[in-house]
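Accompanying notes for the structure given below.
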Amino acid sequence: MLFYNFESLDKFMKNNLIYEIQAESNRIKNIQNLYETKKNNLDFLTQTLIKNSNILNKKNMEKFYNINKLLKDSFEKLDNIYNLSIKLDSSLLNIISLYDKDIYNNYNEIKAELIEYNKKSDYLYQIIFEYENLVSSILSEMLYLLPYQFKKYKKRKKNEQKNCTSKFDNNIELNHIDNNILYISEKSQKAYLPYYFDEVKKLYLASKDKYKVMQDVVNDIYIVPLNKFKNSSISRFREAFYLMRKKENKSISNSLDLGLELMFKHELNPIVIAACRNLDELDIFLDCLEKNELYDFKCFEIKFEVSPYIKKK
């Protein structure tokens with residue numbers, strides 16, 4: 001806020017207009033930088049939550065859903081803070097320009113600009129206050145949710161490793177063509193996802209020696225254990241989020257939107273979302289699913305390998 005009330009506006013314009021505007025411009029730039037950093041931190045927090053979402057049990061799905069709704073609101077408020085701060089900075093530059101040209105002839109216009117600036121500035125600090133409250137709620141919810149679940153997850157994994165006697169490994173053989181088959185194997189407990197050959201090549205070249213050969217990219221990214229999709233609702237959210245964020249390069253807010261939309265779409269197998277190579281393929285599948293005409297889905301073939309025996313519980 002540049003001045004306190006309408007009565008003090010004339011005094012403000014005559015005495016310290018330019019000095020205060022320059023100081024205000026610096027404050028606005030500091031807000032931009034601060035909330036750009038906060039956006040990166042919130043992005044990291046979101047990725048951490050989703051990365052560890054496979055450790056959550058079904059009882060915590062509602063809490064997970066609520067946290068992600070809060071995250072979506074937070075990113076929208078961050079965008080509002082950033083966009084409004086840019087407009088305020090532009091408004092300050094306009095006031096300086098009017099002042100430099102002719103303060104006496106532009107006096108009323110400058111006054112009107114300052115009044116409008118104060119209104120927008122008040123709104124900016126209101127959004128900042130709302131954002132900080134949201135983040136406090138998110139942090140308290142996450143602190144409750146993850147540590148307790150993480151302890152249980154580590155204990156469960158330790159028991160699984162103790163009881164595991166053999167490891168079954170299959171590869172999708174990499175050829176110089178696209179793979180248009182989603183192969184879900186109950187026998188090997190893995191899903192073999194379709195891919196575009198050019199995308200595999202791109203990932204390999206960008207990996208900075210992480211992979212020795214291109215086949216390693218396929219084995220690492222396109223062969224997925226079925227237990228990753230054990231919690232269907234959270235898996236739908238996670239795969240939809242990553243499809244938007246990683247494959248489509250969309251904003252965090254858009255990614256959260258799709259994740260929240262599909263999270264409780266119970267008829268949708270989360271493995272299919274993971275298999276979709278882009279948003280168009282997912283949209284086509286959802287359209288076929290809604291019409292109950294999955295035979296019309298031609299983007300990739302879906303094959304199942306069923307285990308010849310029934311596992312004992």
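The shown structure was predicted, so the numbers you read here are calculated from the model rather than taken from an experiment.
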| ILVMFWY cluster, L93 and Y82 together (side-chain gap under 4.5 Å) | no
| For the hydrophobic clusters of this structure (ILVMFWY residues joined by side-chain heavy atoms under 4.5 Å, transitively), does one cluster hold both L139 and I50? | yes
| CA sep, side-chain torsions, deciding dist, call: L286, K265, side-chain contact (heavy atoms from CB on, under 4.5 Å) | CA-CA 10 Å; L286 290 172; K265 197 171 182 65; 3.7 Å; yes
| field | Nearest heavy atoms of L193 and A274, plus distance in Å | value | CD1-O, 3.8 Å
| query | Is I86 linked to L92 within one hydrophobic cluster, defined over Ile, Leu, Val, Met, Phe, Trp and Tyr using a side-chain heavy-atom separation of less than 4.5 Å? | reply | no
| Heavy-atom side-chain proximity of I273 to F229 below 4.5 angstrom | no
| query | Taking the inter-plane angle between the rings of Y35 and Y131 on a 0 to 90° scale, is it parallel (under 30°), tilted (30 to 60°) or perpendicular (over 60°)? | reply | perpendicular
| query | Atom CG of L45 and atom CD1 of I67: how far apart are they, to the nearest 0.5 Å? | reply | 9.0 Å
| said: Taking N231's backbone N and O only, do any of them form a donor-acceptor pair with S235's side chain (distance below 3.5 Å, no angle check)? | reply: yes
| said: Counting only heavy atoms not in D100 (residues, nucleotides, ligands), do more than 12 fall under 6.0 Å from its CG? | reply: yes
| Student check: side-chain heavy atoms of K202 and D198 closer than 4.5 Å | no
| task | Determine whether more than 12 heavy atoms belonging to other residues, nucleotides or ligands lie under 6.0 Å from atom CD of E290. | result | no
| query | Sub-3.5 Å donor-acceptor pair from the side chain of N68 to the main-chain atoms of F64, do we have one? | reply | yes
| task | Assign the ring pair F237 / F241 to parallel, tilted or perpendicular, where the plane angle (0 to 90°) is split at 30° and 60°. | result | parallel
| side-chain hydrogen bond (donor to acceptor under 3.5 Å, both in side chains) partner of R277, the single match among N180, N179, D178 | N180
| Counting N and O atoms only, with roles assigned by atom type, does the side chain of D216 sit under 3.5 Å from a partner on the main chain of K212, one being a donor and the other an acceptor? | yes
| request: Determine whether I181 and Y196 fall in the same hydrophobic cluster, where Ile, Leu, Val, Met, Phe, Trp and Tyr are linked whenever their side-chain heavy atoms lie under 4.5 Å apart. | output: no
| said: Within the supplied structure, the quantity of interest is the number of heavy atoms (other residues, nucleotides, ligands) at a distance under 6.0 Å from Y123 OH; does it exceed 12? | reply: no
| query | Are side-chain heavy atoms of K230 and N54 found at a separation under 4.5 Å? | reply | no
| message | Any side-chain to backbone donor/acceptor pair from K247 onto C276? Under 3.5 Å, distance only. | response | yes
| remark: Interatomic distance, CZ@F297 vs CG@L289, rounded to 0.5 Å, equals 10.5 Å
| Full working for side-chain contact (heavy atoms from CB on, under 4.5 Å) between L71 and L49 | CA-CA 11 Å; L71 281 166; L49 175 66; 3.9 Å; yes
| field | Residue pair Q215 / Y204, side-chain heavy-atom distance below 4.5 Å | value | no
| Test item: H266 and F264 side chains (from C-beta on) under 4.5 Å apart, heavy atoms | yes
| task | Using atom types as modelled and distance alone, determine if a side-chain donor or acceptor of K298 lies under 3.5 Å from a backbone N or O of Y295. | result | yes
| said: Within the structure provided, determine whether L56 and M61 are in side-chain contact (heavy-atom separation under 4.5 Å). | reply: no
| Between CG of N60 and CG of N66, what distance do you get to the nearest 0.5 Å? | 11.0 Å
| field | same_hphob_cluster(I302, L226) at 4.5 Å side-chain heavy-atom cutoff | value | yes
| query | So, do E116 and K120 sit near enough that their side-chain heavy atoms are less than 4.5 Å apart? | reply | yes
| Among side-chain atoms of S25 and K29, is any donor-acceptor pair under 3.5 angstrom? | yes
| Contact check, side chains of E186 and F304, non-hydrogen atoms, under 4.5 Å | no
| remark: Shortest non-hydrogen pair, S253 vs F75, comes out as CB-CB, 4.3 Å
| message | Under a 3.5 Å distance rule, please check whether N278 uses its side chain to pair with a backbone N or O of E281 as donor and acceptor. | response | yes
| More than 12 heavy atoms of other groups within 6.0 Å of K38 NZ | yes
| query | For T48, does its backbone N or O pair with a side-chain atom of N52 as donor and acceptor, under 3.5 Å? | reply | yes
| field | From CA spacing to verdict: side-chain contact (heavy atoms from CB on, under 4.5 Å), E130, L134 | value | CA-CA 6 Å; E130 289 170 358; L134 272 174; 5.7 Å; no
| Pairing of D287 and K291 as salt bridge, 4.0 angstrom limit | yes
| request: Please test Y195 against V217 for side-chain contact (heavy atoms from CB on, under 4.5 Å), starting from the C-alpha separation and ending with a verdict. | output: CA-CA 11 Å; Y195 57 78; V217 179; over 6 Å; no
| note | Correct closest heavy-atom pair for I28 and S85 would be CG2-O, 3.3 Å
| message | I'd like to know if the side chain of E239 and the backbone of R236 have a donor-acceptor N/O pair within less than 3.5 Å. | response | no
| query | Distance from L78 atom CG to I128 atom CD1, nearest 0.5 Å? | reply | 10.0 Å
| query | Would a distance-only check, ignoring hydrogens and angles, find a side-chain to backbone donor-acceptor pair under 3.5 Å from S121 to N118? | reply | no
| task | Going by the side chain to side chain contact (heavy atoms under 4.5 Å, CB included) test, name the single residue among K228, K51, M263 that passes it with R238. | result | K228
| field | Heavy-atom closest contact (S255 atom, R245 atom, distance) | value | OG-N, 3.4 Å
| message | Looking at E62, I'd like to know if its CD atom is crowded, meaning that more than 12 non-hydrogen atoms belonging to other residues, nucleotides or ligands lie closer than 6.0 Å. | response | no
| query | Is F129 atom CZ crowded by more than 12 heavy atoms from other residues, nucleotides or ligands, each under 6.0 Å away? | reply | no
| request: May I ask you to say whether K39 pairs ionically with D79, meaning some side-chain N is under 4.0 Å from a carboxylate O? | output: yes
| query | What distance separates L124 CG from N83 CG, expressed to the nearest 0.5 Å? | reply | 11.0 Å
| query | Sub-3.5 Å donor-acceptor pair from the side chain of S74 to the main-chain atoms of L70, do we have one? | reply | yes
| task | Identify whether the distance between the nearest side-chain nitrogen and carboxylate oxygen of E113 and K111 falls below 4.0 Å. | result | no
| request: Identify the two heavy atoms, one from P194 and one from A275, that lie closest to each other, and give their separation to 0.1 Å. | output: CG-O, 3.4 Å
| L203 side, atom CG; I221 side, atom CD1 - distance, nearest 0.5 Å | 4.5 Å
